[in-house]
Amino acid sequence: MPYNAGLTFMNERLANHPKMDIPKTYDPKQAEEHHYARWEGQGFFAPEINRDPDAPVFSIVIPPPNVTGSLHMGHALQHTMMDVLTRYKRMCGFRTLWLPGMDHAGISTQLVVTRELKKEGIARHDLGRGKFVERVWKWKQESGGQITTQMRREGASVDWSREKFTMDEDLSRVVREVFVRLYDEGLIYRGNRIVNWCPNDQTVLSDLEVEKLPQAGKLYYLRYPVKDSDQLVTVATTRPETMLGDTAVAVNPNDERYTRLVGATILLPLTGREIPVVADEFVDPEFGTGAVKITPAHDPNDYELGLRHDLAQVVVIDQRAKMTQAAGADFVGLDRYKARQKVVEKFEELGLLEKVVDYEFSISKCERCKSVIEPLVSTQWFCRMENLRDLALDLLAREKKPRFVPEVPYEKIYRNWLENLRDWTISRQLWWGHQIPAWYTAEGELVVARNFEEAAARAGTDKLTQDPDVLDTWFSSALWPFSTLGWPENTDDLRTFYPTSVLVTARDIIFLWVSRMVMMGLKFTGERPFDDVFVTGTILDKDGQRMSKTKMNGVDPLDVFDKYGVDATRLTLAAVGTTDIRWNEKQVESYRNFANKIWNAARFCLLNSEGAAVDPQILKATGSDLALHDRWILSRLNKTTLEVRKALAEYDFHQAVQTLYHFFWDDFCDWYIELIKQDVTAEAATPRRTEARTRLLSVLEQALRLLHPFMPYITEDLWQRLPGKQDERMHSAYRGASPTIMLAAFPESVVALVDERAEWEMQAVIDLVSRVRNIRSEMNIKPGDRITVLVGAPDDRLRQVLTASIDQLMRLTRAASVNIQSELSAPRASARAVLAGGAEVAVPLEGLIDFDQERQRLRREQEKLQAEAAKLNAQLGNPQFVERAPHERVDEVRVRIADIEQRTAQLNQTLENLK
RNA sequence: AGGCACGUACGUCAAUGGUAGACGGCUUCCCUUACAAGGAAGAGGUUGGGGGUUCGAGUCCCUCCGUGCCUACCA
């Protein structure tokens, strides 16, 4: 990779031209245009950019989005968090890999292409399997994966050179390898079972792919005659049409109403079949009539019960949800709902319909196409889970891995699910996907092998037919963390990046995906696939509803990017953290304003940068010869760095964003720039001016680095414009790479530069300025009016601090003079305020002051203090508080009360003087 | 049906059991030479209701109300 090729790009155009024309408003589009292509082209995203052989490793595999999908808010949210972590770790010198890729998404993709064919008037089956699959690949080539373009827009720093697709040949080989190994161990088997069948998609679905929805329906009470008697037994059902396949009636063995009936024979109406009455604990005597019709071929519970009682399975509904021959001549070929109607009519004619009542129950629907699932008995492939499950449970019990963030409630949810795990239906009747590596001989003998040749060798014949089924899409997803890194070969990538560091995901796929990755990872690599699982919150619409395609209530992240910029959107998303939030565009707007603030702060620094350059070394110097605001900003910078690092270590994105926002806006812009302005904007090019400029630029440069993981575009754009030697700002692991803030060292927090004294002193200055501004505002003094500020500060240290900042105080309060004494002496016609530490401030307002107004203002102040004092005194008045609370807390309260008392006394005095 | 979250300012959200905050919105003043996407100042809360534990509860426990999610074989 030619590391220097891109050097000229930004450098020539931008750097060292501080007087160039910088627009007053930040234009995100301008910044978003260039940088990504350069980052990608220069290989900055690839771990190879890191030249330090001993660098620690950080890796993430992306939850592969569906190849059919386009970017939605959920992606944008997860990608932002993954990118923040990746960029942060990269700047910390980690060998960093964020591996991108896509999922072949069996059902979705097959549906998309089938629909496309339909428009051309072609049916899937007319085309045939081979041609169809070809067509899917063509579709993928042409219109699949638009999400990868969108991810580039997001600024996602994924290593595109390692991009994977679950249907790639190497990943498909891994799928077959795993399948064969599991089969050989007896963990995969073929069996005849009742499964969830989607009559529309014509495939089986796992339990996790069906959704249960409440449905307003009817409960039909049907009368069945008992053979050799005139008795009738009434059963209740929501699906009358299935009675055609009934092979028993069941009652609870303890239900005295039916004791005599057990063992009797029922004459099943409409069919003339004879079926037994059996006793089974499963039956709830309280529900319905206490007698249940049993249809083993079309209901999961009945299926189980049928096995227990050795009942026949009569299949009356086929894979298209139409009635079969076995349903009888009157019904064959009818749709299941038509058949239902007809059964009910016939029962009514026979006088066997007791009643129909309204009833709400839950119905299973296909998650993809929303068709009502038909439980059918069919031959499928299953994966036995006990063994795999125990691997995952052991890891959790023994090592508490993976570590869920937030731990509550996800660890428990994960464990409970594993504990109740059932076998996984892994076959699907689709054409698009990994075809099951199983072949049948002409005699019907089954051979499982890695490929046709191996199968032929094992079977001793090449007259083989491959099983037509494909594997559940989640089967290949479960292998993702190691299949993408080269397993089963012991590749460099596998050794280096596996186990991965963290998985960032939404909560709805903890079962579908997270748990299965853990099980498969442990089974085949012997190691966990990732250390941590960070579960993000969900973005809801403004009414608290989930965003979904069908509801049309989704907000398109790309629209938000267009309107407010990528960086502002990322900041909004990062601040979401782990809680569900309602989408609020105003939030993005405020971060857009923040981006503009950054832009303008940098603009100010650059417009006043002549003769100066960024010099990180200048920020290491400490000592009492530094001005207060310089010591203070260093302290704030280092504290901020510490907090941001701590927050990111705990995945507390929300905290990190808040900290950065307030540091940059409040500390850096509102105070530091204002305090250093005089020195920086001085006319004469003195060493003092140069130093101030250097210091200002250097603080800004550090701030940009801190912000970069969250706001990659604006920070890169501005960083490139800062004067000075860029190579020196790069992390040592990336020496030689073309300069970029992406590879600059993330600031270290230097404890020695956290200066509590400076923070205390600065706070005194800020307090004083705020009090005077308050007076100006409340007394309606025009901004242009020059005032006199009189300060009485009995505390020596405070007086020294304020005296040293006297020029600053004048500018910030727009005062003609600031006079600081140990005792306040001010004319009667003054507005006054009291400060912490017994200091007072007065602004003489001869002729301007309204004494009534001033008295009111002071009284309001007093009331506030008294309310607080009352609370604190009550606390202190409680002997048990003094006795039991920690001493420090009691002392704190005492100090606070003393301070309030002093201020109250001063206010009283002031009020007295006003009379 | 069970289980689990959540309920804080007008809105969206923060707050290791220790003086309830931020941003937006709102009010007043200001186009002060980085930024009106800005600056300064301000108003606004018995933290859904009720009980309990504690010196002290938004935070822990119970209960009720409201909202959301997950799991489940009640025909």
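Everything numeric here is computed off the predicted structure, so don't read it as measured data. Below, all heavy atoms of this structure are taken into account, side chains as well, without hydrogens, waters or symmetry copies.
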Worksheet item: Does a side-chain N or O from A:Lys412 land closer than 4.0 Å to OP1 or OP2 of B:rA5, or not?
Response: no
Practice prompt. Could you check whether A:Thr579 gets within reach of a base, just the sugar-phosphate, or nothing at all, counting any heavy atom under 4.0 Å?
Written response: sugar-phosphate
Worksheet entry | A:Tyr410 side-chain N/O to B:rC4 phosphate OP1/OP2 under 4.0 Å | no
Discussion item. Please classify the nucleic acid contact of A:Gln587 as base, sugar-phosphate, or nothing, using heavy-atom distances under 4.0 Å.
Written reply: base
Practice prompt. Count the heavy atoms belonging to other residues, nucleotides or ligands that lie under 6.0 Å from CZ of A:Arg811, then report whether that count exceeds 12.
Written response: yes
Item to complete: Taking only the side-chain heavy atoms of A:Val283 (C-beta and beyond), determine which of B:rA22, B:rA75, B:rC13 contains the nearest atom.
Response: B:rA75
Worksheet item: So what does A:Pro783 hit on the nucleic acid, given a heavy-atom distance under 4.0 Å: a base, only sugar-phosphate, or nothing?
Response: sugar-phosphate
Worksheet item: Expressed in whole Å, how much space separates the C1' atoms belonging to B:rU32 and B:rU16?
Response: 44 Å
Discussion item. Heavy atoms only, 4.0 Å cut-off, all strands: where does A:Arg507 land among base, sugar-phosphate and nothing?
Written reply: nothing
Practice prompt. Indicate, with a heavy-atom threshold strictly under 4.0 Å, whether A:Tyr359 touches base, sugar-phosphate, or nothing.
Written response: sugar-phosphate
Worksheet entry | Mate of B:rC4 where both pairing distances stay under 3.5 Å, Watson-Crick or G-U | B:rG68
Worksheet item: So, A:Asp423 and A:Arg389, do they make that salt bridge, N to O below 4.0 Å?
Response: no
Fill in: Out of B:rA22, B:rU12, B:rU71, whichever nucleotide has its closest atom nearest the side chain of A:Ile581
B:rU12
Fill in: Test item: side-chain donor near acceptor, A:Gln856 and A:Arg859, under 3.5 Å
no
Practice prompt. Look at all strands and tell whether A:Val235 reaches a base, only sugar-phosphate, or nothing, counting heavy atoms closer than 4.0 Å.
Written response: nothing
Response to the item:
Of the listed B:rA75, B:rU32, B:rG18, the closest approach to the A:Phe287 side chain comes from B:rA75
Fill in: Side chain of A:Gln545 (C-beta onward), nearest among B:rG68, B:rU19, B:rG24
B:rG68
Item to complete: Starting at atom CG of A:Leu418, determine the distance to atom C1' of B:rU71, rounded to an integer number of angstrom.
Response: 14 Å
Worksheet item: Reading nucleotides 34-44 of chain B from the 5' end, what letters show protein touch, with B for base, S for backbone sugar-phosphate only, - for no heavy atom under 4.0 Å?
Response: BBSBSSSSSS-
Item to complete: Show your working on salt bridge (charged side-chain N to carboxylate O under 4.0 Å, His left out) between A:Glu585 and A:Arg592 and close with a plain yes or no.
Response: CA-CA 11 Å; A:Glu585 203 175 89; A:Arg592 188 270 316 260; over 6 Å; no
Practice prompt. May I ask you to say what A:Pro879 touches in the nucleic acid, namely base, sugar-phosphate or nothing, with a heavy-atom cut-off under 4.0 Å?
Written response: nothing
Discussion item. Can you confirm whether the side chains of A:Thr904 and A:Glu901 place a donor and an acceptor under 3.5 Å from each other?
Written reply: no
Worksheet entry | Side-chain donor-acceptor pair present, A:His662, A:Asp667, cut-off under 3.5 Å | no
Worksheet item: Within the side chain of A:Asp255, is there an N or O that forms a donor-acceptor pair under 3.5 Å with the backbone of A:Arg257?
Response: yes
Worksheet item: Between B:rC13 atom P and A:Ile539 atom CD1, what is the distance in whole Å?
Response: 11 Å
Practice prompt. Indicate, with a heavy-atom threshold strictly under 4.0 Å, whether A:Lys782 touches base, sugar-phosphate, or nothing.
Written response: nothing
Discussion item. Please confirm whether the shortest side-chain N or O distance from A:Arg422 to OP1 or OP2 of B:rC73 is below 4.0 Å.
Written reply: yes
Worksheet item: Side chain of A:His654: nearest nucleotide among B:rA14, B:rC69, B:rC4?
Response: B:rA14
Practice prompt. Starting from the 5' end of RNA chain B, give me the residue, A:Asn301 or A:Arg582, whose nearest nucleotide shows up first.
Written response: A:Arg582
Worksheet item: Rounded to whole angstrom units, what separation is found between the CG atom of A:Leu305 and the C1' atom of B:rC73?
Response: 11 Å
Practice prompt. Would you please classify the geometry between the A:Tyr661 ring and the A:Tyr591 ring as parallel, tilted or perpendicular, with 30° and 60° separating the classes?
Written response: perpendicular
Response to the item:
Atom CG of A:Leu660 and atom C1' of B:rC23 are separated, to the nearest Å, by 15 Å
Worksheet item: Between A:Val882 and A:Ile781, who's closer to the 5' end of RNA chain B by nearest nucleotide?
Response: A:Ile781
Item to complete: Check every strand shown and say whether A:Gln875 touches a base, only sugar-phosphate, or nothing at a heavy-atom separation below 4.0 Å.
Response: base
Discussion item. Does A:Asp580 reach a base, just sugar-phosphate, or nothing at all? Heavy atoms under 4.0 Å.
Written reply: sugar-phosphate
